[in-house]
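Each ligand, and each atom within it, is numbered from 1 in the order the structure gives. If you're wondering where the values come from, they're calculated on a predicted model, not measured in any experiment.
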Amino acid sequence: MSTNEKRQAGEAAIRYVEDGAIIGVGTGSTVAYFIDALADLKDRIQGAVSSSEQSTAHLKRVGIPVLDLNATGKLTLYVDGADECDSHKRLIKGGGAALTREKIIAEASDQFVCIIDSSKLVNLLGKFPLPIEVIPMARSLVGREIVKRGGNPVWRDGVVTDNGNWVIDVHGWQIADPVGLENDLNQIPGIVTVGLFARRPANVVLVGDKVL
Ligand code: 5RP
């Protein structure tokens, strides 16, 4: 993990920000550098749609208006980090438990610019345990379904998401077909969001200040 590359990536993403835009903003330590850089341009943008209470607090602290996605409609740009990224720009996200709002904003955005350091690059997704947000009463049900599929589900005990739900981290999957797995898991009742961003991958990945 390189803090310097995270900072470079956060700052490099600024070049995708257009005057007058509303920016979708992800969550995490890399995004924190982006928010700090965005603060310098705050008079040139309308505001931001935030993916978490953590990012909302940061955006407000630096004076960037936080807007409601229902009011803004489609966004032109979403900037967010990731826990893993493959060569097709498919991602594992949710290490910070903000995956649901992140996936909503990614889906609502024309361009998803993903900002990472080089430690996040992988050939095959799955070494980082796959986060899944679940409705609390479905935790055991979802866990059994994951075991049937060869995964080892571990409840992120004590963590409650911004949506009042729980997170299961799935260990032991080598994800050869990310779109297939995402589609399959999306059918299980009680799963709110799968932290695989494969059906809607990133459009641009910045590894430090370099475009992948
Ligand atoms: C939060 C996320 C983050 O983007 C991911 O965990 C990366 O975080 P960081 O930039 O701190 O390494 O998906 O839910």
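- Listed by chain and number, the hydrophobic cluster partners of Leu124 come to none, as no ILVMFWY side chain reaches under 4.5 Å of it.
- Contact check for Ile146 versus Ile132: side-chain heavy atoms found under the 4.5 Å cut-off.
- Using a 4.0 Å heavy-atom criterion, the residues that approach ligand 1 are Lys6, Thr27, Gly28, Ser29, Thr30, Asp80, Gly81, Ala82, Asp83, Lys93, Gly94, Gly95, Gly96, Ala97, Ala98, Glu102, Lys120.
- For Asp162, there are no salt bridge (Lys or Arg N to Asp or Glu O under 4.0 Å) partners at least two apart in sequence or on another chain.
- Under the salt bridge (Lys or Arg N to Asp or Glu O under 4.0 Å) criterion, Asp184 pairs with Arg149, sequence neighbours left out.
- For the pair Lys93 and Phe197, the cation sits on the ring face: its NZ or CZ lies under 6.0 Å from the ring centre, inside 45° of the axis.
- A salt bridge does not link Lys74 to Glu107: none of the charged nitrogens lies less than 4.0 Å from a carboxylate oxygen.
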